[in-house]
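The structure appears right after this line, and notes come after that.
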Amino acid sequence: MSIPAPEASAMDLALVSPIEHAQITLDERSPLKLGLMASGTGSNFVAIADAIAQHRLAAQIQLLIYNNPEAPVVEHAQERNIPAHLLNHRHFSQRETFDQEIVTLLQAADVEWVVMVGWMRRVTPVLIDAFPDRIINIHPSLLPSFPGIRAIEQALDHGVKISGCTVHLVRLEVDSGPILIQAAVPVYPDDTPARLHRRIQTQEHRIIIQAIAQIAEHHRLQNLLIP
Ligand code: GAR
């Protein structure tokens, strides 16, 4: 028998990461300069852009790089007057030359930290070495479980009872690297991939902002220490 479940419940909230309660200082005098990379819908892009516009995040999106001409994320950028650059990976014969072009664009835009919000391409050392420990990714599972592109389907196939999302520093292996923040959500017996993804994304939109806020604060304190 399957138990009908509400879309967002008290249990969802009970499972969120305790890091939410960390105290963050909002200093908008020196916003963290971000480069965002996306392949698709762009709901995480919107969450970040809106948090900045609403003065909840001391950051600035210098540039959006997207790789699919049809990706809806570009419309969100245009609506918000955020520079967006299409780099179609299909026009590159090697991953390294594609990544080098990304690095050139990010550096020209004076980007300090790179945020992958639904970037569905493997990365090479060319990109990782250009921004050492300065690239984060959001993934719809509790890593290290279920890396890769079918994370939600795999979680359902395995019958997990709790799933969630992870923000982590990017390493060469897909969806690997030191974990910064996670949030958990319940999985209900009658969940479909779309339904579970929606529940996870509600938490993604929260923890991606939390991660960037912590990075921005760390960055601000480091700058204070430099004479
Ligand atoms: C997000 O759920 C993100 O976790 C996932 O892509 C989606 C993008 O959604 N990323 C990965 O699977 C990375 N391996 P969005 O375009 O609505 O932000």
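All ligand and atom numbering here is 1-based and tracks the order in the structure. Quick note: residue numbers are just sequence positions, from 1.
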Which of the numbered atoms in ligand 1 are below 4.0 angstrom from a heavy atom of [X]?
X: H139; value: 4 (O), 11 (C), 12 (O), 13 (C), 14 (N)
X: G118; value: 6 (O), 8 (C), 10 (N)
X: T41; value: 16 (O), 17 (O)
X: D175; value: 13 (C), 14 (N)
X: I138; value: 3 (C), 4 (O), 10 (N), 11 (C), 13 (C)

Tell me which part of E204 gets within contact of ligand 1: side chain, backbone, both or neither, using heavy atoms under 4.0 Å.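 For E204, the contact with ligand 1 is made by the side chain alone.
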Under-4.0 Å heavy-atom contact with ligand 1, by part of V174 that carries it: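 Near ligand 1, V174 shows nothing, with every heavy atom at 4.0 Å or more.
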Options L36, V73, N44, V46, ranked by nearest heavy atom to atom 18 (O) of ligand 1, top entry: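 The nearest heavy atom belongs to N44.
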Restricting to non-hydrogen atoms, name the atom on A151 and the atom on F146 that form the minimum distance, rounded to 0.1 Å.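 Nearest heavy atoms, A151 then F146: CB-O, 3.2 Å.
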Within less than 4.0 angstrom of ligand 1, does M116 place any heavy atom?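 No, M116 has no heavy atom closer than 4.0 Å to ligand 1.
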Only one of Q214, H219, R220 clears side-chain hydrogen bond (donor to acceptor under 3.5 Å, both in side chains) with E217; which?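 Only match with E217 under side-chain hydrogen bond (donor to acceptor under 3.5 Å, both in side chains): R220.
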Any salt bridge between D133 and R171, counting N to O under 4.0 Å?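 Answer for the salt bridge query: yes.
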Checking the side chain of N68 only, and the main-chain atoms of S39 only, is there a donor and an acceptor separated by less than 3.5 Å?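 The answer is yes, because a donor-acceptor pair under 3.5 Å joins these two groups.
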Do H91 and F98 make the cut of ring centroids closer than 6.0 angstrom?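 When the ring centroids of H91 and F98 are compared, they turn out to be at least 6.0 Å apart.
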Using a distance-only test with no angle check, is there a side-chain donor-acceptor pair under 3.5 angstrom linking Q62 and Q60?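 Yes, a side-chain donor-acceptor pair sits under 3.5 Å.
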